[in-house]
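Structure, as structure tokens:
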Amino acid sequence: MQTTNIPQQILKKHFGFEQFRPLQEEIIQGILQAKDTLVLMPTGGGKSICFQVPALLLPHLTLVVSPLIALMKDQVDALKANGISAAYLNSSMDEASQYDLLEQIKNERVKLLYVSPEKLLTLIPFFSSQVTISLIAIDEAHCISAWGHDFRPEYTRLKQLKEVWPQVPIIALTATADKITRKDILHQLSLQNPEVFIASFDRPNLSLTVRFGVKKKKKMEEIISFIHARAKESGIIYCLSRKATEEMAADLQAYGISADYYHAGMSAEERSRVQEEFINDKTKVICATIAFGMGIDKSNVRFVIHNSLPKNMEGYYQEIGRAGRDGLPSDTLLYYSLGDVIMLRNFIEESGQKELNLEKLNRMQQYAEAPICRRKILLAYFGETLSDDCHNCDVCKQPKKLFDGTELVQKALSALHRTNQSVGTNMLIDIIRGSHRKEIIESQFHLLKTYGVGKDKSFFEWQQLILQMINLGLLEIAYDESNSLKITDFGNQILYGRQRIQLVQPEITNDFTGKTKTYQKTYTEQDQEELLFEKLRASRRVLAEKENVPAYIIFSDATLKEIVSKKPQSLAEFIHVNGMGEHKVKKYGNTLLKELKSWQKEAYIKVPKADTYKETLALLQQGFSVEEIAETRQIQATTIYSHVAHLYQTKQLASLDSYITTQEIELVKKAKQETGESKQLAPIYLFLKEEVPYHIIRLCLSYLEREEAVELN
Ligand code: ADP
Ligand code: ZN
């Protein structure tokens, strides 16, 4: 038997994907060469494949460290659904089953083991003495850093891994890590000459909308109509307080919306019930504090609403990132008021790391008030530059007035440059505006050549402009250097006149965008396809219930959508659908095929009456047999055969090979000559001693007729 050893083949065979996403293949190749690796990829970017594919190619066990029990189970279920031997180990497990599992691991019957950090640390003696480890993957690696927003002290003990297994490659993965956190991960895990991969954080399928200062009652109305416009879809509404989640859920229920709430004040059982029902599509909308979502891998969340301003961009990005993990268009909506800011500031004042958190809140506020493409700002925050506007945010949909801001930018950046990039926003503005503040004189900034070059603009105007420069990725704030401003590479391009730049006259929009446009098709076609999608969704639910896993583990919505658009007619064709690996095609292919066929029959009946020949042709092209067409159309099969004959003669059908043999053609040709008959079938039928069926004779006659026509020409 031929063994599959190329990453690409593993991807297709086990996961059903045709192609790697950007960076996945490079990352995998590096790991196969035993390189330590850090991967930064947005939620939904496809991090798991980066260690799952190598795990299948490497000879021994891959350990996957993951902080969340629910997530572990989900990932293991997903792997098992693809026929891969995976397991998880955490403190919720009883002694006996843990013992069994460790036996299996010793015997190398498990390829991937998901394990919590605590558990791994206590089991180091076992793993280092009894098991050979090929690879260690550390998921949610930002948890190791106190700079990150989700610090978990137990993660810091993962330092030991490199000491215990100096030769085993480590791949650390995270969806959120700014530069400081990144440095911290590399350092704390002692990664050796690590390769660092930073994928684009762009999620173009997520629409971004911010609504400023909407009053409570109006906001509720907006949210309800927003949800009603997405009746069959599920989503999450993030609220600031526990009480707010409960009120929101009650309000939605009052409007007949299937909604529930989730927060850290509920019992563990209650929380897992709410989560399960959401995952299994029983509850459409969850109103939650940010406690919700970490353990959720549900790929078909279609919208995320923030009822109030999040406390930082990392959190916001991660929360909206829970929508549209399957890559299909999804909407995000953020409500923001100054009241939110005041409340958040008060929280922060009472907490640790006050300065850092206040600065992060400022950036969040700046995003919410931004006058330029929001996606540009979001990406600039993560150190990425988007060259074109996204056309999928509220600002892009309502463009602003632009002007050439190159000189203004040069004034600001050269002033900053002359301070050795040592000052923050306010000080910089004071220098540009020629302020006589004590600190300026003390630092001798009043002697700089650029002192006072921007007197003609007010402090407020400069604030707006600098904000834009940060948002456009010309400037960065260094949180670890007292929030001083730094000029980026892109900023230098403008400063040294290599490129010009447009700025915007600031203005706050108050426009509310509705549903993302769906694809353009005729009404009936789209209708029918929606029906098919629903059918497939229902049959997925049945499969999921039978196997006791969430529906998206069986197939993602993206896979179902692809089935709807490709309409595979055989198991072989199913192989070309993304997300259908060999295991799933074998296991579910026939069920899906049946759904498709039955839909085609139903859908067919609803198609308005058209040319009868054309209808037969369309069905033939969809892979129906003549008998099936006859049954579907409630017409005699002989009539359908006469359609086939007509279609062939009029050259709408290229060949009759699948209906008649050359031998039959020869027989009919002879009978035709002998009887002198070219229209009536009965004499030929009798001449051939009733051995050749009528419909074959008819087809042979039309074959001969077309052949004669060719000869005549
Ligand atoms: P992350 O862990 O980065 O949030 P996942 O690993 O869960 O993301 O992947 C997100 C989704 O993308 C999953 O549904 C996964 O099956 C899908 N996916 C990953 N890689 C590919 C690929 N190469 N082609 C198609 N889909 C992919
Ligand atoms: Zn935009």
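Ligands are counted one by one from 1 in listed order, and the atoms in each one are counted from 1 as well. Numbering of residues begins at 1 and proceeds along the displayed sequence.
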Note: ligand 1 atoms sitting under 4.0 Å from heavy atoms of Ile49 are 19 (C), 20 (N)
Below 4.0 Å from any atom of ligand 1, is there a heavy atom belonging to Ser299? no
Atom 20 (N) of ligand 1: nearest protein contact (heavy atom, Å): Gln24 NE2, 3.1 Å
Does the side chain of Gln24 reach to within under 4.5 Å of the side chain of Val53, using non-hydrogen atoms? no
Nearest 0.5 Å please: distance from the CG atom of Asn578 over to the NZ atom of Lys561. 15.0 Å
Between Phe278 and Tyr262, is any pair of side-chain heavy atoms under 4.5 Å apart? no
Where does the angle between the aromatic ring planes of Phe201 and Phe382 fall among parallel (under 30°), tilted (30 to 60°) and perpendicular (over 60°)? parallel
Out of curiosity, is Met41 lining ligand 1, as in a heavy atom under 4.0 Å away? no
Using a strict cut-off of 4.0 Å, indicate which atoms of ligand 1 neighbour a heavy atom of Phe20. 23 (N)
Kindly say whether Val210 contributes a backbone atom to a donor-acceptor pair with the side chain of Asp394 at under 3.5 angstrom? yes
Give me the nearest non-hydrogen protein atom to atom 15 (C) of ligand 1 as residue plus atom name, then the distance to 0.1 Å. Phe17 CZ, 4.1 Å
Starting from atom 17 (C) of ligand 1, which protein heavy atom do you reach first, and at what distance in Å? Arg21 NH2, 3.5 Å
Gln19 neighbourhood, listing ligand 1 atoms whose heavy-atom distance to it stays under 4.0 Å: 22 (C), 23 (N), 24 (N)
Side-chain donor or acceptor of Asn300 paired with backbone N/O of Asp326 under 3.5 Å: no
Please check atom 13 (C) of ligand 1 for a protein heavy-atom neighbour under 4.0 Å. no
Distance from atom 7 (O) of ligand 1 to nearest protein heavy atom, with residue and atom: Arg325 NH2, 3.2 Å
So, does Arg21 use its side chain to make a donor-acceptor pair with the main chain of Gly45 at under 3.5 Å? yes
N, O or S from Cys396 under 2.8 Å to the Zn ion (ligand 2): yes
Indicate yes or no: does an N/O atom of Gly46 lie under 3.5 Å from an N/O atom of ligand 1? yes
At a 4.0 Å threshold, what atoms of ligand 1 neighbour a non-hydrogen atom of Gly44? 1 (P), 3 (O), 4 (O), 8 (O), 10 (C)
In ligand 1, the atoms that come under 4.0 Å of a heavy atom of Ser48 are 2 (O), 5 (P), 6 (O), 7 (O)
Is the backbone of Leu206 close enough, under 3.5 Å, to the side chain of Arg375 for a donor and an acceptor to pair up by distance? yes
Close aromatic pair by centroid cut-off 6.0 Å: Tyr381 and Tyr317: no
Taking the non-hydrogen atoms of Ser556, is any one of them nearer than 4.0 angstrom to ligand 1? no
N/O donor-acceptor pair under 3.5 Å between Glu319 side chain and Tyr238 backbone: no
Which ligand 1 atoms are under 4.0 Å away from a heavy-atom of Pro42? 3 (O)
Kindly say whether Glu18 contributes a backbone atom to a donor-acceptor pair with the side chain of Gln8 at under 3.5 angstrom? yes
Return yes or no for this condition: an N or O of Lys47 is under 3.5 Å from an N or O of ligand 1. yes
